[in-house]
K.L.:
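What follows is a single structure, and I will ask about it in a moment.
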Amino acid sequence: MWDILTIWSASPALSVAVWLVIAMVVLYFGRPHAHQLLQTTGRAIDHALRLAAVSVRQLEQRVSTRNRDVLVAQGREATEQAVEREFTRVKAIVDRELGHYPALHRELEETIEKVESDYQSSTQNAPLPPEWSEVVQTISSLPSSGDPTVKKILNEIKGSVENAQKETLKAYQKDAQERHKILSGMASDWRGLKQNMEKVQKSISSLDGRTESIDRHMANYEAMRNNDDKALHSLTASSLTQFFIAALILAVSAFGGLINFHLIALPMSEMVSGGAYFAGMPVSDIAALVIIMVEISMGIFLLEALGITSLFPMIGRMDDRMRKGMGIAALVILVIFASIEASLAYLRDLLILDQQQLTQSLAGAEIADAQFRWIPSVAQMMLGFILPFALAFVGIPLESFIHSLRTVLGLVALGALRTLRVVLRITGGTARHLSRMLISLYDLFVMLPLAIERMVARGGASLGEAAADRRQRKDEETEAAEASAEDGGAKSGGKQRGRKRRSGEERQTPNHGAEPTPVEG
Amino acid sequence: MNSINPIQHDPHAANASDRRPRRARAAAAGLLTLMVVLLAGCDSGPHNRAAVVLIDISGEYAAEIEKARRVTSLLLGRLDPGDSIAVAFIDNTSYSDRNFIARVDFDHRPSVANDQKRSVHRELEAFLDRFSVPSAHSDLTGGILLARDYLERTRAKDKQIFLLSDLDEDLKPELDRDGPLKLNGIEVVAVNVIRGERDNIDPAHYRERVGHWQQRVQEDGGRWDMVNEIDRLPRLVAQR
């Protein structure tokens, strides 16, 4: 390498200078081709990446549309379920509260009829005591004219009238008492009527609440049908929230599963051969894991059978009797496994106790009789029994996680595609600018020959200008001579001059530094 | 109330219900793939450990025999079901089966393994009770060869020799122990290497002795470690 470098002279500086001059000359002559190469390369990269960005954009749009469809479908499904649930509640309210409405109505009618008849009874006309007193007074005021017979007759009449008045008064009082009795009897009927009416009002207001809720769901549903952006944003936010909450609960369940595993792994090695390994794991550990997995599966089946989750549409499509049978079977298996786990937890406690005693005997210490040893034993057994049931509920967050995962994955894919598109555009633009920069650098390197070329071009241009001026003067002289000789020749001569002047100006235009290359031209 | 009937499904909603089995299938496939990856990621070689405790009962080191009880107890406490242990003593000629005090491959059932540990402990106790006369010579090489043979037979993943000795080999003239030890994959841990009277006079002798054994073990493919304070031993055992 050094030999090649110093081929021109023993002095490295001189040799480098010679090489530089040679390189400059070579690069100067190859300048148009180099420019073409750099420019086409930059453009090609830019175009290719632009095309790729367009494709990515199309893909992004498709993913976005797909995400939107999925989100809307999920939202619609959820709203439909919510509306169905609301209608079920309305039906339950109607069945419970208004199912007895005919009886209530009959009761109300009867009460009203009774009240009406009581009212009628209480308003029947009774003999008016004031009229009787007027009769007695009139008889008393009759003149007796001193005749004792008349007087006697009048006294008898008066006595009879007074007796009749007393009887009538008594009858009137009795009648009034009876009316009061009827009226006081009506009070309980009014109270009953009021209570029944309150009951009806309560049912109606409860139905009112349900109706408002249904209206709200229906408004959401309509917004989703209209592809309203607000509704879509709300669905996306809801889906993301569901995803994170479900992931959190699943993580908690995973820890629960881990504790469960440790609870039964040791006793399982007592039952299953711990010496055998499968894919690097003791078979006893795999057996413990299988027990936990089966418990989780049974829990999922139980939730499916109860209609709480809908991971398996086949179970949802089963008829109620079969689904109920399946739910009972899953529950029974779950209880059996929970019992097995409780016994394994007890066995684990015994093994640990044995290990402790061994450690104490190896250390030469006396084996202590541990007090309250039953507490951890019972706690472990309870934990072994309860944990399977707790893990059985993992189906709910699992379903939520799987449903929301689709949205989250869609959003992640969308973000990745957007980033890719931006990167492609930036890379394309950078390649294009890089090619321009390289062209400028290239020209910078060969600036000396370029400057010489420019100077030469300028010299040629100034010589051409002088010749044009001479020609112009000569023409003017000729024209002036011709004008004096002929009439009207000046106009055409002017036109000709104008053309010549323009062509002269065109020739004079200098070719500056950034000369157009064959490609640029 | 609005007049739209929510029960009347449109094609999108119908697709949503069709999507469910696909989701379930995708979830099941993902779970299976995860399990396969997890299972494939694990190796399937041996996972057990094997340890041999060699007790030097020669000369002045015989006074240190009580340390063997601590080391063995510690190991018995730390070994798991499926592991192996052997306890042997080093005397005039150590490369023979009579030198084994106890040797056992622990059962994989924890309860049985605990009984076996108790049995080993009892046998060691009986040996220590019986022991009274120290041997005149110490055939360390023979003891290490005996331990190596035992460890190779166990095919364990981790193989260790705990050597309770002052590392001062004194062979009987008729014994030939010049051959290589071939300790590939075996860790030799020298425990409680005490300093003798000669070391007190010339400390370089102690370092030279230890260095000689370290070099010999390492040249023959083994790993070397030394623990003089037995309290440090649990940490070394736990590191396995």
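So you know, we letter chains A, B, ... as the sequences are listed, proteins then strands, and number each from 1.
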K.L.:
Check whether A:Leu405 gets within reach of chain B through its side chain, its backbone, both or neither, counting any heavy atom under 4.5 Å.
P.N.:
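Neither part, no heavy atoms under 4.5 Å.
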
K.L.:
Below 4.0 angstrom, N of the basic side chain to O of the carboxylate: do B:Arg118 and A:Asp354 qualify?
P.N.:
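Counted as a salt bridge, because a side-chain N and a carboxylate O are separated by less than 4.0 Å.
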
K.L.:
Show me, pair by pair, the donor-acceptor contacts under 3.5 angstrom made by side chains of residues 121-131 of chain B, not counting sequence neighbours?
P.N.:
unit_1, atom_1, unit_2, atom_2, d
B:Glu123, OE2, B:Ser119, OG, 3.4
B:Glu125, OE1, B:Arg69, NH1, 2.5
B:Glu125, OE2, B:Arg69, NH1, 2.7

K.L.:
Let me know if A:Gln355 has heavy atoms under 4.5 Å from chain B in its side chain, its backbone, both or neither.
P.N.:
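A:Gln355 touches chain B through backbone and side-chain heavy atoms alike.
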
K.L.:
List, one per line, each side-chain donor-acceptor pair under 3.5 Å for residues 290-303 of chain A, sequence neighbours excluded.
P.N.:
unit_1, atom_1, unit_2, atom_2, d
A:Ser297, OG, A:Met293, O, 2.8

K.L.:
Quick check for you: among A:Val72, A:Leu362, A:Leu350, which has the greatest number of heavy-atom pairs under 4.5 Å with chain B?
P.N.:
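Option with the greatest count: A:Leu362.
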
K.L.:
Assess whether atom CZ of A:Phe261 is packed by more than 12 heavy atoms of other residues, nucleotides or ligands within 6.0 Å.
P.N.:
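Yes.
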
K.L.:
Relative to chain A, which segment of B:Pro110 carries a heavy atom at a distance below 4.5 Å: side chain, backbone, both, or neither?
P.N.:
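Contact with chain A is through both the backbone and side chain of B:Pro110.
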
K.L.:
About how many Å separate CG of A:Leu358 and CD of B:Gln116, when rounded to the nearest 0.5 Å?
P.N.:
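Answer rounded to 0.5 Å: 11.5 Å.
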
